[in-house]
Amino acid sequence: MRYSQYLLPTLKETPSDAEVISHQLMLRAGMIRKVAAGIYNYLPLGLRSIRKMERIVREEMDRAGAIELLMPMTIPAELWEESGRWKEYGKELLRLKDRKEADFCLGPTHEEVVTDIVRGTVRSYRQLPLNLYQIQGKFRDEIRPRFGLMRGREFIMKDAYSFDLEEAGADAAYEKMYQAYRRIFERCGLRFRAVEADTGNIGGTSSHEFMVLAESGEDSIVSCDSCEYAANVEKAELRQSAATAAPPAASLQKVLTPSRKSVEEVAEFLGTTPDRLVKTLIVETDTGEIVAVLLRGDRELNDIKLSRLLGCNWAELASEETVLKVTGAPSGFAGPVGLKLRILADWEVREMSDAVAGANEKDAHFTGVNPERDFAVEAYADLREAVAGDPCPRCEGRLEVWRGIEVGHVFKLGTKYSASMGATVLDDQGRERILFMGCYGIGVGRTVAAAIEQNHDENGIIWPMPIAPFQVIVTMVNPNDEQVSLAAEQIHAQLLALGVESLLDDRDERPGSKFKDADLIGIPLRLTVGARALKDGQVELQHRRSAERTMLALEEAAARVAQQVRTELQMD
RNA sequence: CGGGGCGUAGCGCAGCCUGGUAGCGCACCUGCUUCGGGAGCAGGGGGCCGGAGGUUCAAAUCCUCUCGCCCCGACCA
C-alpha cells in the first residue's frame, strides 16, 4: 500500500474527549473515528488490526474444533421471551419495532438464537458435541460507553456456544475453549491473567475471565504470588482465619462523637485506628429486604458476595431515609448493639474485641463492644473485598492486586437456555435429553485497544507483530530524488512479493513528519531509504520497540526484513 | 439515572464575566525556498459560534428550554 493513496488521517494533537491512552492513540493514528457515543468508524488502518485479530481468533477456534457460522444482528422478540430475557435484560437491550409494529432487538449476545438453531437441526446425540461460533457486531446500549473501543455500544465480538449431551462433555468443551483463549492472547503478545469470575446476568455455574493487565483497566483482580489462584475481586474468596478474639476486657460504654461520621473521623477522635471499629452498613436488596452488614472498619463490602449469600440479584447501601428509619440515627452512627435487623458479619468481626461501633443515636458511639456478648450475629461469612497481602484461599501464599481489562469470558451455562427453550436430543437409549451448554466471548476491538494500552511509548503505538496493521513501513526520505524513490519502490515491491505487509511512505512530506507518523502508527519495522545511505548502497532498518538501527545492503534488505517478520510472528 | 464539565473552522483552543467587524495555532490550497525527527516566507479557502425560543436598536456573549458529548459511580466482551 502507498501511503499517498491511503486514507490515514493522523492527528498531531490529542482530541480532548479521549481519556485513556489507547483511545487517544487510535484516534491520533487514524484508526477510528467516533460517529456517536460508543459507536465508531473503523478506518482502514484500524480495520487491518481488527482483521488480524479476527484471523488469530478464527485459527484458534477452528483448531479447537469450533465451527463458524453467522447469526443475524436483528432478533425477533419471541426468542428472547422464550428464555425470559426479554423482561430480564433491561435497558442494555436495544429494542425496536418493524413496520408491522413487531418487536425486535439488536443482539447483545446470541444464546437464544444459537439455541434455536440447535433445537431445530440437532436431533441425535450422534451429532454432538457441537461448538458454533461467529464474529459479528454486537449492540449493547451501555449506560456509559467510554474509552473508545474499550467500552463501546456497538462492538465486534467473537461468541462461541458449545452443546454437549453430558455435563462432563460440557466441562471438556469449556476446558478446550479456556486453552484456546490462552493461545489467542499469548499469540497477540499480551500479558494477561485468566481469573475466576462471577457469572453476572449471562447466568450459569462457573466462569473465567481473561484479563489483560493494564493500569487503565476497569476491573480489579487478585492473583496468588505462589500458586495458580487468580480471581476477579468480585469473586475472590477469603479464608476464615484461625485467629480467635481476645476475651472481652472492657464494658460497653456510650461516648459522644459529635459530627464524627466516617470511620477515619471516629477512630481519630477516639484515639484508635479504623481496624478497631465495627463498620455497620445498612443494605437494601432487590427483594426489598433490609439487613445490617458488619465489617472491620478498614474493610470494604463486596456486594456480590453479599448478594450471593442472601440469594438476591443486587444489594446496595440503603438511602439516608431508610438508615434513619431503621437505626433511629443519621448514617454514620449505625451499630449492631440493640439493632432490630438481620445482622450478617464478615468473618473478621468475630476476631474483634473491645471494639468501637455506632450507638444508633446521633453523635454517639459505643466503646468496649464485643460480638456475642453485646449483640448477636445471624451468620458470619466472607463478605469483604480482598486487598493486596491477604492470604491466598488455596495455599500459603499472599494475594497481589492488579488492574485488568476483560477481553474474554468463558461460561459454563448448564441447561439454563436449553431447558427454557427446549433444546434436546435423543440419547442412545432413545431418551430425550436436555443439552449442556457453554458460551465463550472475546471482545475483538477491546483486545486490540488493550494491546495498545500495553504497547506504547510517548511517540505512539508499538504493535506486537501479529496484530500490526502493516509489518513494515518503507520510508522514502526524499521522493523527489529519483534514486531514492526507485530504490524504495523496488524494496517495497520485493517485500510484497515475499508476502510481507509493507506500507510505502511515498508522500512528499519532510522526513521529520514521516518519522513521527511512522512512530505514531506503530509499525514494528521501518526501512528508511535516503540519499545519504543509498550512496553506499545501504538502507536503514529500525525497530519501533527498541529503536535499534541496522544498516542493510540494498539487495538483501527485503529478505532480511522478511526473515525478521517471520521471527517476530513466531516469538510473539 | 445521580453528580461534575464541555459544545466557536478538520484538530487543539481564545473570545462570553462587562452585548457592537468571529479570532489564534496546527491542518488544508497556491507559489518560492527548504529537505534524515512534526521547516520558512508570501498569498488564499473554510464558520447556521450545537439547536429552538426570548430580551435588546444589536446576541457567540444575557435569559429559558432542548439536543449532543466527556468525566466520576452501578453493568459488561
Side-chain angles (χ1 to χ4, degrees), chain A residues 9-20 23-24 27-28 30 33-39 53 57 89-93 108-109 135-160 181 197-202 207 209-212 218-219 232 234 286 303-304 307 313-317 319 405-411 439-450 459-460 475-481 484 508-520 526 528-534 539-540 542 547 549:
Chain A
T10 57
L11 261 28
K12 241 192 243 190
E13 285 167 300
T14 304
S16 58
D17 55 3
E19 189 74 5
V20 298
H23 188 198
Q24 293 175 357
L27 287 167
R28 288 192 55 208
R33 283 290 125 97
K34 188 172 68 184
V35 179
I39 299 177
M53 184 67 216
V57 170
Y89 210 89
K91 289 195 173 168
E92 258 180 60
L93 187 65
T109 175
I135 296 176
Q136 179 206 39
K138 292 281 189 279
F139 195 96
R140 293 183 190 173
D141 201 357
E142 293 277 348
I143 301 159
R144 186 151 89 86
R146 60 183 144 173
F147 301 161
L149 295 196
M150 208 86 98
R151 178 178 298 279
R153 290 194 289 173
E154 184 176 318
F155 58 99
I156 298 172
M157 178 174 166
K158 185 285 301 180
D159 45 326
Y181 275 35
D198 189 63
T199 50
N201 71 356
I202 302 281
S207 78
E209 289 168 334
F210 288 78
M211 294 284 190
V212 168
E218 298 184 81
D219 290 277
N232 193 307
E234 291 175 346
D286 60 325
D303 57 338
I304 296 203
S307 303
N313 289 320
W314 51 259
E316 61 181 21
L317 291 183
S319 66
I405 300 166
E406 182 190 354
V407 292
H409 203 158
V410 293
F411 296 86
C439 75
Y440 318 93
I442 287 180
V444 174
R446 186 185 279 185
T447 305
V448 171
N459 294 316
T475 301
M476 207 184 263
V477 174
N478 186 347
N480 298 317
D481 181 320
V484 167
D508 187 11
E509 290 288 337
R510 295 171 61 83
S513 302
K514 296 183 164 190
F515 295 146
K516 288 288 186 192
D517 276 335
D519 287 350
L520 176 61
R526 187 182 86 206
T528 309
V529 183
R532 222 165 53 190
L534 205 56
V539 295
E540 178 193 277
Q542 179 162 357
R549 302 176 190 202

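Each chain gets a letter, A, B and so on, in the order its sequence line appears, and its residues count up from 1. Bear in mind that the values here come from a model prediction, so they are computed numbers and not experimental data.
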OP1 or OP2 of B/A77 less than 4.0 angstrom from a side-chain nitrogen or oxygen of A/Arg151, does that happen here? no
Classify the side chain of A/Arg446 and the base of B/C76 as holding, or not holding, a donor-acceptor pair under 3.5 Å. yes
Roughly how far, to the nearest 0.5 Å, is the OG1 atom of A/Thr10 from the CG atom of A/Asp519? 12.0 Å
Closest of B/G37, B/C75, B/C72 to the A/Glu142 side chain is B/C75
Determine whether any donor atom in the side chain of A/Asn478 lies under 3.5 Å from an acceptor atom in the base of B/G36, or the reverse, and answer yes or no. no
How far, in whole Å, is B/G25 from B/A42 if one measures between their P atoms? 12 Å
Is the phosphate of B/C70, meaning OP1 or OP2, less than 4.0 Å from a side-chain N or O of A/Lys34? yes
Under a 3.5 Å distance rule, please check whether A/Gln24 uses its side chain to pair with a backbone N or O of A/Ala18 as donor and acceptor. yes
Report the distance from atom CD of A/Glu209 to atom P of B/A77, rounded to the nearest whole Å. 8 Å
Taking the P atom in each of B/G10 and B/G50, what is the distance between them to the nearest angstrom? 13 Å
If we take the P atom in both B/C17 and B/A39, what is their distance in whole Å? 39 Å
Pairwise C1' distance for B/A22 and B/G47, with rounding to whole Å: 8 Å
Whole-Å distance separating the CG atom of A/Asn480 from the P atom of B/C32: 13 Å
Partner nucleotide, any strand, of B/C24 [Watson-Crick/G-U, under 3.5 Å]: B/G12
Contacts of A/Asp159 that satisfy salt bridge (charged side-chain N to carboxylate O under 4.0 Å, His left out) - sequence neighbours left out: A/Lys138
Kindly say whether A/Asp141 contributes a backbone atom to a donor-acceptor pair with the side chain of A/Lys91 at under 3.5 angstrom? no
When you measure from the side chain of A/Ala533, which nucleotide among B/G36, B/C76, B/C35 comes out closest? B/G36
Atom C1', compared across B/G44 and B/G4: separation rounded to whole Å: 43 Å
Can you name the salt bridge (charged side-chain N to carboxylate O under 4.0 Å, His left out) partners of A/Glu218, sequence neighbours left out? A/Arg146, A/Arg151
Rounded interatomic separation in angstrom, taking CG from A/Leu520 and P from B/G38: 15 Å
Dump the intermediate steps for side-chain contact (heavy atoms from CB on, under 4.5 Å) on A/Val57 and A/Ile135, then the final yes or no. CA-CA 9 Å; A/Val57 170; A/Ile135 296 176; 4.3 Å; yes
Hey, does A/Leu27 have a side-chain heavy atom less than 4.5 Å from the side chain of A/Arg33? yes
Taking the nucleotide of RNA chain B with the closest heavy atom to each, which residue, A/Asp517 or A/Ile442, is nearer the 5' end? A/Asp517
Mate of B/G38 across any strand shown (Watson-Crick or G-U wobble, both atom pairs under 3.5 Å) is none
Side-chain N or O of A/Arg510 versus OP1/OP2 of B/A39: is the shortest distance under 4.0 Å? yes
Taking pairing as Watson-Crick or G-U wobble with both contacts under 3.5 Å, can you name the mate of B/C49, or confirm there isn't one? none
For A/Gly152 and for A/Arg144, find the nucleotide of RNA chain B with the closest heavy atom, then tell me which residue's nucleotide is more 5'. A/Arg144
Measure CE/A/Met150 against P/B/C70 and give the value in whole Å, please. 15 Å
Please list each protein N or O that sits under 3.5 Å from an N or O in nucleotides 4-11 of chain B, with the distance.
residue	atom	partner	partner atom	Å
B/C11	O2	A/Glu13	OE1	3.2

If we check side chain to side chain contact (heavy atoms under 4.5 Å, CB included) with A/Phe515, which of these qualifies: A/Arg526, A/Arg510, A/Gln542, A/Glu509? A/Arg526
Below 4.0 angstrom from OP1 or OP2 of B/C72, is there any side-chain N or O of A/Arg146? yes
A/Asp17 has an atom CG; how far is it from atom C1' of B/C13, in whole Å? 14 Å
Measure from the ring centre of A/Phe515 to the centre of the six-membered ring in the base of B/G38, then say whether that distance is under 5.5 Å and the planes meet at under 30°. no
Atom pairs, protein N/O to nucleotides 27-29 of chain B N/O, distance under 3.5 Å:
none

Using purine N1 to pyrimidine N3 plus N6-O4 or O6-N4 for Watson-Crick, or N1-O2 and O6-N3 for G-U wobble, both under 3.5 Å, which nucleotide pairs with B/G7? B/C67
Test A/Arg446 against A/Val212 for side-chain contact (heavy atoms from CB on, under 4.5 Å), laying out the working first. CA-CA 10 Å; A/Arg446 186 185 279 185; A/Val212 168; over 6 Å; no
Which one, B/A74, B/C76, B/G37, comes nearest to the side chain of A/Ile143? B/A74
Suppose we screen for side chain to side chain contact (heavy atoms under 4.5 Å, CB included). Which residues come up paired with A/Ser16, at least two apart in sequence or across chains? none
A/Asp219: partners by salt bridge (charged side-chain N to carboxylate O under 4.0 Å, His left out), with sequence neighbours left out: none
Integer angstrom distance from the C1' of B/G37 to that of B/C41: 23 Å
Which whole number of Å gives the distance between the P atom of B/A52 and that of B/U8? 16 Å
So, A/Arg153 side chain and A/Phe139 main chain: donor-acceptor pair closer than 3.5 Å or not? no
Spacing of A/Lys91 atom NZ relative to B/A74 atom P, expressed in whole Å: 18 Å
Suppose you measure atom C1' in B/U61 against the same atom in B/U56; what distance do you get, rounded to whole Å? 13 Å
Side chain of A/Ala37 - closest among B/C76, B/C70, B/G37: B/C70
With both distances under 3.5 angstrom, what nucleotide forms a Watson-Crick or G-U wobble pair with B/G43? B/C29
Which of B/C69, B/C72, B/A77 is nearest the side chain of A/Glu406? It is B/A77
Rounded interatomic separation in angstrom, taking CD from A/Glu316 and P from B/G2: 15 Å
